[in-house]
Amino acid sequence: MIAVAVSIFVTAPAISAQGGIVGAAVVGQSPVAVAINPVVGQAFVLNKGSKDVSVLDLKSRSVVTKYLVGGLPEGIAVNPQTNAVVVVSLDSTATVIDHAAGRIAGVIPVGKAPSRVAIDTEKNAALITNFNGSNMVVLDLAGRRVVRTIELKSGPLGIAVLEGKRRALVACQYDMEILQVDLDKGEVDQSLVVGRYLNDVAVDPVTGNGVVGNPSSNGMLSIYDSGANRVVSTVPVGHGPLSVAVYPRRNVALAAEFDSGSLSIVDMATGTVIRSVKVGKGPRGIAVNPQTGIAVVVNMLEDKAVFLDLDTLLGTPAANP
């Protein structure tokens with residue numbers, strides 16, 4: 001399928017601010033992931049069912065355009081510095097969207113069942129985990145070509161970058177391990193068994209600590225100290241935490257819980273759940289604007305994106321960084 005951009009404007013339906021929910025928008029079919037660019041104030045929702053990306057304005061909370069990407073889309077990330085959006089598809093490709101120009105810049109073969117992607121902003125590269133290939137590839141976004149393949153363990157899924165440390169964290173589902181990858185050497189330099197069915201990982205750029213989603217055993221989050229390579233706490237949350245995120249200004253982790261239809265907010269310092277909010281049916285992806293504290297949760301079973309004000313949910317405004 002040829003990928004194209006389509007302009008569309010959808011008014012966000014009115015919704016009560018009760019519980020910190022401040023808006024909602026209808027997106028495409030079966031949304032599974034979301035990425036936020038705080039520089040331009042937009043969120044990019046990946047819709048697996050309709051095989052497209054909905055671009056949301058975070059102020060108006062409405063869809064302003066869409067990109068048709070085709071394939072079997074599974075993961076999405078955005079480089080906030082260049083506004084390049086990367087969509088990875090289980091059909092072995094990555095689609096690079098030049099959102100600044102409003103066009104598809106390229107579709108690149110990247111490996112076996114690419115499932116998740118993170119951005120190395122320092123090198124302007126996409127880091128893509130290949131679930132069936134037991135590896136990750138480094139995709140140069142300027143040249144739109146794979147420049148390195150790094151061998152991992154089996155079933156790599158979630159990936160997050162440790163900013164300033166030239167490391168990435170990768171959650172390997174089958175081996176039940178969190179891996180630290182040295183991005184300059186191109187190799188795994190540390191690993192740790194964390195738990196069954198690891199799915200997603202996010203990093204607090206201030207502390208360097210990671211949070212790992214573990215949907216087995218009714219739902220757990222592991223708080224991981226990347227410096228000491230150890231789990232500091234294991235936190236029971238709702239059922240099915242398939243996606244996680246971090247709001248660094250408040251040092252909290254967020255878990256979007258597919259089965260329970262909830263968002264759990266976890267204090268990463270104490271390892272305790274401090275709020276749980278019902279967000280809709282089948283929350284599958286979550287991202288946070290680190291500057292404003294607005295989180296976007298996409299509900300796969302409702303074709304909807306829900307907006308939450310985290311500072312309202314947490315009670316008091318965050319101090320300026």
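Proximity of P109 to S92: side-chain heavy atoms (C-beta onward) are nowhere separated by under 4.5 Å. You'll find the side chain of R249 stays beyond 4.5 Å of the side chain of L310, heavy atoms only. Counting only heavy atoms from C-beta outward, the side chains of Y224 and L192 approach each other to under 4.5 Å. With contacts defined as side-chain heavy-atom distances shorter than 4.5 Å, the pair V306/V296 does not qualify. Side-chain contact between Q180 and S226: present, with at least one pair of heavy atoms (C-beta onward) separated by less than 4.5 Å. Contact of the V53 side chain with the K66 side chain is not registered, since no non-hydrogen atoms from C-beta on lie closer than 4.5 Å. Contact check for V161 versus I119: no side-chain heavy atoms found under the 4.5 Å cut-off. Using a 4.5 Å heavy-atom threshold, the side chains of T121 and Q81 count as touching.
The environment of R148 atom CZ is dense: over 12 non-hydrogen atoms of other residues, nucleotides or ligands sit within 6.0 angstrom.
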ask   = Given the rule in the salt bridge (charged side-chain N to carboxylate O under 4.0 Å, His left out) test, do R250 and D311 qualify, once you have shown the distances and angles that lead to the verdict?
value = CA-CA 8 Å; R250 304 298 290 267; D311 288 325; 2.8 Å; yes

ask   = Going through the checks in order, is the salt bridge (charged side-chain N to carboxylate O under 4.0 Å, His left out) test met by K51 and E74?
value = CA-CA 9 Å; K51 301 181 180 182; E74 185 71 14; over 6 Å; no

key: Chi angles and distances behind the side-chain contact (heavy atoms from CB on, under 4.5 Å) call for N130, V137   = CA-CA 8 Å; N130 287 313; V137 299; 3.6 Å; yes

inquiry  = Is there a salt bridge (charged side-chain N to carboxylate O under 4.0 Å, His left out) between R167 and D189? Walk through the geometry before answering.
reply    = CA-CA 9 Å; R167 295 288 190 277; D189 62 2; 2.9 Å; yes

request  = For side-chain contact (heavy atoms from CB on, under 4.5 Å), just list the numbers for I150 and N135, CA-CA rounded to whole Å, side-chain angles, deciding distance to a tenth of an Å, and then say yes or no.
outcome  = CA-CA 6 Å; I150 301 172; N135 61 35; over 6 Å; no

message = Go through it in stages, so that I can follow the logic: the residues are L221 and V212, the test is side-chain contact (heavy atoms from CB on, under 4.5 Å), and I'd like the CA-CA distance, side-chain angles, deciding distance and then a yes or no.
response = CA-CA 6 Å; L221 290 188; V212 186; over 6 Å; no

task = Report the C-alpha distance between Y174 and Y197 in whole Å, list the side-chain angles of each, state the deciding distance to 0.1 Å, and finish with yes or no for ring pair (Phe, Tyr, Trp, His ring centres under 6.0 Å).
result = CA-CA 7 Å; Y174 292 152; Y197 197 72; 9.0 Å; no

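Judged by distance alone, with hydrogens and angles left aside, the side-chain atoms of T129 form a donor-acceptor pair with the main-chain N or O of L157 at under 3.5 Å. Without hydrogens or angle criteria, R116 side chain to V88 main chain gives no donor-acceptor distance under 3.5 Å. The backbone N or O of A105 sits less than 3.5 Å from a side-chain atom of R144, completing a donor-acceptor pair. The backbone N or O of V39 sits less than 3.5 Å from a side-chain atom of N37, completing a donor-acceptor pair.
Note that NZ of K48 and CZ of R284 are 6.0 Å apart. Values are rounded to the nearest 0.5 Å. In this structure, CG on L179 lies 9.5 Å from CG on L198, to the nearest 0.5 angstrom.
The two residues A245 and V288 have their closest heavy-atom pair at CB-CG2, 4.0 Å. Across all their heavy atoms, V117 and A126 have their closest contact at CG2-CB, 3.9 Å. Across every non-hydrogen atom of P236 and V273, the tightest pair is O-CG2, 3.5 Å. Scanning all heavy atoms of the two residues, the minimum distance from S233 to G271 falls at OG-CA, 3.8 Å. When all heavy atoms are compared, the tightest approach of E177 to V193 is CG-CG2, 3.8 Å. In plain terms, the two heavy atoms of S54 and V27 that are nearest each other are OG-CB, 3.8 Å.
Shown are D303, L46, D52; of these, the side chain to side chain contact (heavy atoms under 4.5 Å, CB included) with P31 is made only by D303. Among N299, N199, L301, the one residue that satisfies the side chain to side chain contact (heavy atoms under 4.5 Å, CB included) test with F258 is L301. Checking each of S264, S243, S276 against E257 for a side-chain hydrogen bond (donor to acceptor under 3.5 Å, both in side chains) leaves exactly one that passes, namely S264. The side chain to side chain contact (heavy atoms under 4.5 Å, CB included) test with I108 is passed by exactly one of L139, T93, V86, D140: L139.
Remark: T292 pairs with N289 by the side chain to side chain donor-acceptor pair (under 3.5 Å) rule, at least two apart or across chains.
Side-chain contact, D175 with S154: a donor N or O sits under 3.5 Å from an acceptor N or O. No donor-acceptor contact under 3.5 angstrom links the side chains of D204 and Y247, judged on distance only.
Connection of V246 to M220 is not established within any shared hydrophobic cluster, with ILVMFWY side chains joined at heavy-atom distances below 4.5 Å, either directly or through further cluster members.
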